[in-house]
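One structure is given below, encoded as structure tokens.
Every chain is numbered from 1 and lettered A, B, ... according to where its sequence line falls, protein lines coming before strand lines.
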There are 2 protein chains.
Amino acid sequence: MVRGMTQMKDYPTSARGPAGHEVRDQIVLAATEHFSRYGYEKTAVSDLAKAIGYSKAYIYKFFESKQAIGEMICANCLHEIEKEVSQAVNGADTPPEKLRRLFKSGVEASLRLFFQDRKLYEIAASAATERWQSVVTYENRMQSLLREILQEGRLSGDFERKTPLDETTLSVYLVLRPYLNPLLLQYSFDYTEAAPGHLSSLVLRSLSP
Amino acid sequence: MVRGMTQMKDYPTSARGPAGHEVRDQIVLAATEHFSRYGYEKTAVSDLAKAIGYSKAYIYKFFESKQAIGEMICANCLHEIEKEVSQAVNGADTPPEKLRRLFKSGVEASLRLFFQDRKLYEIAASAATERWQSVVTYENRMQSLLREILQEGRLSGDFERKTPLDETTLSVYLVLRPYLNPLLLQYSFDYTEAAPGHLSSLVLRSLSP
DNA sequence: CTTGTGACCATTATGTATTTTAGTCACAAA
DNA sequence: TTTGTGACTAAAATACATAATGGTCACAAG
């Protein structure tokens, strides 16, 4: 379960104390385990402490709050999605196909988080509600990925060049947002089947030169 | 306050007892007043009864549940939005301009509900969460309005005709949904400024023949 | 210096006794 | 028949005392 949580030094999250310390990884590992099994709320910091055999106080040498630990776990989750989407996009040759894959794999990966790691999804959802840094970063990265595809399509002549790149990026992102944002996803279930196909078609028609 | 709640016989909502009865209107009136002032949850059915000078039991001769009353009030709210949007759309001549106005006035009207009748907005939001009939009907009506514009644009030659009308309708609706659906709106505040303009432009580019 | 902790406090969560509330029904007056 | 209600119950909301939790800090050991 919990998928391949391999490298931990991911997004820059609010932390403190010695960086790259072994105990920090132990905390993240234990937190991933506990949060995904019992949920963020039901896990006490002292539970994590017990799990790694240290006192609760020691945990606060590495993270300045429980939320900071949650941010770390959340960032890892979202980074997994991001990696998956990046990979899907890179597997395509033309910008239009890249865009289609961004839509499709983005929705798929988000849905998988919801159905297979519900507790972690809940962290992501509340992180989105409270605008945690991890979610802001995730959204920015997805927009960057999108912008790169659009830019590449403009250079290759696949996409129109009149509309300002930033406006197009934002617009297309807004079309995607209900399915990528963890908080919104749960209100869009009725459409997750049809949306990726239809919306990427709509957007591609809009982008044609 | 509460805006011009004029005619009450709006959407077909689950009701019972003699139709067109004077007391039914009194109930709706009192409910509108109480719900918008104190909120749906904080208003007891017996409060409404007291307000109109009847017993609580009598109210249940006209509505089969408190939720049914809420549905009525919610439907009225949404109908107000719908009327406003219809009016804005009818004030335009060409289908593209109608579409722009649908976007713009839809967002404006929804935002006004949020900021000026917060308690009523909350009813609409929870109605959306629990998929009350009033919201389903509202969404269907908005889609119908959209479909008519698209169809008109196809006939006038303003819009492309290759994509199936129903697919286009759904796609464009999905683009709008985050700003029209009361539940989603509150998570899209950051974009309500830019979204109507940018998204209608994106959609119009997509619709061009 | 780094590693590590128990004791401590303010805030939040939780269980529970108590009260409100939604909804029904038998029945009465007109 | 139509209009109208008090009395009732099961479920939900509330209030409150109690326990658990997040977070800090002074201090100790190596």
Is any side-chain N or O of [X] closer than 4.0 Å to OP1 or OP2 of [N]?
X: Y58(A); N: dT5(C); answer: no
X: K66(B); N: dA11(D); answer: no
X: K42(A); N: dT14(C); answer: yes
X: Y54(B); N: dG4(D); answer: yes

Atom [atom1] of [X] and atom [atom2] of [N]: how far apart are they, to the nearest Å?
X: I59(A); N: dG22(D); atom1: CD1; atom2: C1'; value: 12 Å
X: Y38(B); N: dT20(C); atom1: OH; atom2: C1'; value: 18 Å
X: F62(B); N: dT2(D); atom1: CZ; atom2: P; value: 12 Å
X: Q67(B); N: dT21(C); atom1: CD; atom2: P; value: 19 Å
X: F63(A); N: dT24(D); atom1: CZ; atom2: C1'; value: 18 Å
X: R24(A); N: dG4(C); atom1: CZ; atom2: C1'; value: 16 Å
X: Y60(B); N: dT21(C); atom1: OH; atom2: P; value: 12 Å
X: K61(B); N: dA22(C); atom1: NZ; atom2: P; value: 18 Å

Q | Salt-bridge contact K104(A)-E108(A) (side-chain N to carboxylate O under 4.0 Å) | A | yes
Practice task
For Q133(A) and T137(A), test the side chains for any donor-to-acceptor distance below 3.5 angstrom and give the result as yes or no.
Solution key: yes
(message) Assess, by modelled atom type and distance only, whether the side chains of S105(A) and E84(A) contain a donor and an acceptor separated by less than 3.5 Å.
(response) no
By nearest-heavy-atom nucleotide on DNA chain D, the more 5' of D47(A) and K56(B) is K56(B)
Determine whether the aromatic ring centres of F189(A) and F115(A) lie less than 6.0 Å apart.
yes
Among dT24(C), dG4(C), dT5(C), the one nearest any side-chain atom of A57(A) is dT5(C)
task = Give one of base, sugar-phosphate or nothing for A44(B), where a contact means two heavy atoms less than 4.0 Å apart.
result = sugar-phosphate
The side chain to side chain contact (heavy atoms under 4.5 Å, CB included) partners of K119(A) (sequence neighbours excluded) come to E122(A)
